[in-house]
Amino acid sequence: LNMKNKMNKLLDKLKKKKKKTLLKNDENKKKDCGQDDYNIFSVLNLENREIYHSRFLADLLNPNGLHNQESLFLKNFLDIFPNKIPKNCDLKNTIITTEEVTAYGNLDISIKNNDFYIIIENKVWAGDQDDQLHRYSKTTHNGKEPIIIYLTPDGSSPSKNSLGNLTKDNIIMLSYRKNIIEWIIKSNEVISSTNKRISNLLKQYIETINFKKEDIMNLDIKNEEISEYLFLQKSLNQAIKNKQNELINSFFDKLSDRLS
């Protein structure tokens with residue numbers, strides 16, 4: 001518990017430094033341009049929370065989502081990698097799920113259709129887990145292997161530890177700052193004149209994820225702070241794993257004693 005509290009305090013410190021730097025760099029420019037700098041995603045502090053990004057993206061991708069745009073967002077998203085998807089698919093019955101529990105781990109976003117199966121591993125902040133993408137590749141839907149998308153702020157590659165026996169050629173690497181922004185802009189062009197409410201929300205989301213490279217480079221964060229957080233995260237994961245093994249061994253010991 002102490003380790004977890006220490007991690008949370010360090011993470012809050014990193015977030016505050018990042019937010020302070022970004023606000024300072026952007027505040028005067030927005031005021032000079034007369035822009036409205038009210039952003040609901042920033043107000044709710046959702047920028048670095050993967051689960052909320054996943055839920056928002058999942059609803060956009062859902063043909064039955066609250067946006068009421070049917071398959072518009074999903075079709076435009078699939079156009080990012082057209083060679084992977086069969087032509088003339090019926091997208092209306094596509095099922096979108098967040099945090100789907102499987103025998104191989106929890107999937108951030110799963111996209112299931114009779115003609116294709118996609119897994120989106122969303123990495124806004126957290127590091128890779130052991131053998132993570134390799135484990136996900138073992139899941140199937142209607143006998144189809146998954147198309148695995150690795151989504152990060154800058155389109156970076158997954159670690160070798162996460163890939164396992166897979167290679168980068170088995171993964172589609174997408175970037176928030178490029179692919180997701182381009183996808184949302186393309187979709188917003190269709191609805192901007194008919195649904196101002198959703199259109200404005202999409203523009204706010206673009207502002208939220210459009211952190212420029214120079215903004216990241218200017219953050220006043222020491223390397224040792226990042227290293228400390230990653231070390232604590234790895235240590236906590238190992239502690240949880242050890243505790244799980246301890247409970248499992250204890251269960252079977254007690255079961256063995258009763259059967260003796």
Side-chain angles (χ1 to χ4, degrees), residues 49-153 155-176 178-180 182-184 186-187 205 209 237 241 244:
R49 302 189 180 186
E50 288 177 356
I51 184 62
Y52 295 111
H53 283 280
S54 294
R55 289 174 181 173
F56 182 70
L57 295 176
D59 188 74
L60 292 181
L61 292 168
N62 190 348
N64 298 309
L66 297 176
H67 50 73
N68 293 321
Q69 302 301 312
E70 298 183 342
S71 303
L72 170 68
F73 291 101
L74 178 58
K75 180 181 181 304
N76 287 341
F77 183 77
L78 298 178
D79 285 344
I80 299 175
F81 40 94
N83 296 332
K84 298 285 187 178
I85 305 297
K87 295 183 178 179
N88 302 318
C89 294
D90 182 7
L91 301 180
K92 294 180 180 178
N93 296 319
T94 304
I95 299 174
I96 313 291
T97 308
T98 58
E99 290 298 304
E100 179 181 355
V101 178
T102 75
Y104 302 100
N106 294 356
L107 311 179
D108 288 338
I109 303 175
S110 68
I111 305 174
K112 295 180 178 179
N113 184 282
N114 291 334
D115 296 309
F116 58 85
Y117 172 39
I118 298 172
I119 294 172
I120 300 178
E121 177 55 25
N122 189 16
K123 292 293 184 186
V124 176
W125 173 259
D128 290 342
Q129 298 175 23
D130 290 345
D131 208 37
Q132 187 173 24
L133 297 183
H134 181 232
R135 284 187 280 110
Y136 293 169
S137 70
K138 297 177 182 179
T139 65
T140 59
H141 172 65
N142 285 348
K144 294 179 175 59
E145 296 181 352
I147 299 168
I148 300 179
I149 294 175
Y150 190 74
L151 176 60
T152 63
S156 59
S157 303
S159 66
K160 292 182 180 180
N161 188 40
S162 176
L163 286 170
N165 295 333
L166 300 177
T167 68
K168 293 179 183 178
D169 294 335
N170 301 122
I171 309 297
I172 297 176
M173 290 164 282
L174 298 185
S175 161
Y176 270 98
K178 182 180 187 301
N179 304 105
I180 297 301
E182 289 177 352
W183 163 58
I184 291 178
K186 179 180 178 181
S187 303
Y205 189 65
I209 63 177
N237 289 339
K241 187 176 181 180
Q244 288 175 333

Could you list all the salt bridge (charged side-chain N to carboxylate O under 4.0 Å, His left out) pairs where at least one residue sits in residues 104-114, not counting sequence neighbours? Glu100-Lys112
[X] versus [Y], closest heavy-atom pair with distance:
{"X": "Gly155", "Y": "Met173", "answer": "O-CB, 4.1 Å"}
{"X": "Pro146", "Y": "Thr139", "answer": "CD-O, 3.0 Å"}
{"X": "Glu50", "Y": "Val124", "answer": "OE2-N, 2.8 Å"}
{"X": "Ser71", "Y": "Leu91", "answer": "OG-CB, 3.6 Å"}
{"X": "Pro63", "Y": "Ile96", "answer": "CD-CG1, 4.4 Å"}
{"X": "Leu163", "Y": "Pro158", "answer": "CD2-CG, 3.7 Å"}

When rounded to the nearest 0.5 angstrom, what distance separates [atom1] in [X] from [atom2] in [Y]?
{"X": "Ile118", "Y": "Leu107", "atom1": "CD1", "atom2": "CG", "answer": "12.5 Å"}
{"X": "Ile80", "Y": "Asn179", "atom1": "CD1", "atom2": "CG", "answer": "5.5 Å"}
{"X": "Ser137", "Y": "Glu145", "atom1": "OG", "atom2": "CD", "answer": "7.5 Å"}
{"X": "Leu60", "Y": "Leu74", "atom1": "CG", "atom2": "CG", "answer": "10.5 Å"}
{"X": "Ile180", "Y": "Leu151", "atom1": "CD1", "atom2": "CG", "answer": "5.0 Å"}
{"X": "Ile85", "Y": "Asn113", "atom1": "CD1", "atom2": "CG", "answer": "8.5 Å"}

Over 60° means perpendicular and under 30° means parallel, so tell me whether Tyr205 and His53 are parallel, tilted or perpendicular. tilted
Would the distance check show the side chain of [X] and the main-chain N or O of [Y] forming a donor-acceptor pair, the cut-off being under 3.5 Å?
{"X": "Ser162", "Y": "Leu133", "value": "yes"}
{"X": "Arg135", "Y": "Gly164", "value": "no"}
{"X": "Asn122", "Y": "Ile51", "value": "no"}
{"X": "Ser175", "Y": "Pro153", "value": "yes"}
{"X": "Asp90", "Y": "Lys92", "value": "yes"}

Evaluate the criterion side-chain contact (heavy atoms from CB on, under 4.5 Å) for residue pair Leu57 and Tyr52; output intermediate values, then yes/no. CA-CA 9 Å; Leu57 295 176; Tyr52 295 111; over 6 Å; no
Identify, with sequence neighbours excluded, every residue that meets side chain to side chain contact (heavy atoms under 4.5 Å, CB included) alongside [X].
{"X": "Asn170", "result": "Leu166, Thr167"}
{"X": "Asn106", "result": "Glu99, Val101"}
{"X": "Thr140", "result": "none"}

Answer yes or no: is there a side-chain heavy-atom contact under 4.5 Å between [X] and [Y]?
{"X": "Asn93", "Y": "Asn114", "value": "no"}
{"X": "Leu78", "Y": "Phe73", "value": "no"}
{"X": "Ile111", "Y": "Thr94", "value": "yes"}

Would you check if there is a donor-acceptor pair between the side chains of Gln132 and Lys123 at a distance under 3.5 Å? yes
Looking at residues at least two apart in the chain, or sitting in another chain, which of them share a ring-ring contact (aromatic ring centres under 6.0 Å, His included) with Phe77? Phe81, Trp183
Quick one: do Leu61 and Ile120 satisfy side-chain contact (heavy atoms from CB on, under 4.5 Å)? Show the steps, please. CA-CA 11 Å; Leu61 292 168; Ile120 300 178; 4.0 Å; yes
Look at atom NZ of Lys144 and say whether more than 12 heavy atoms of other residues, nucleotides or ligands are closer to it than 6.0 Å. yes
Does this structure show an ion pair linking Lys186 with Asp79, if we count only N-O contacts that are shorter than 4.0 Å? yes
Can you pull out every ring pair (Phe, Tyr, Trp, His ring centres under 6.0 Å) where at least one residue sits in residues 96-117? Sequence neighbours excluded, please. Tyr117-His141
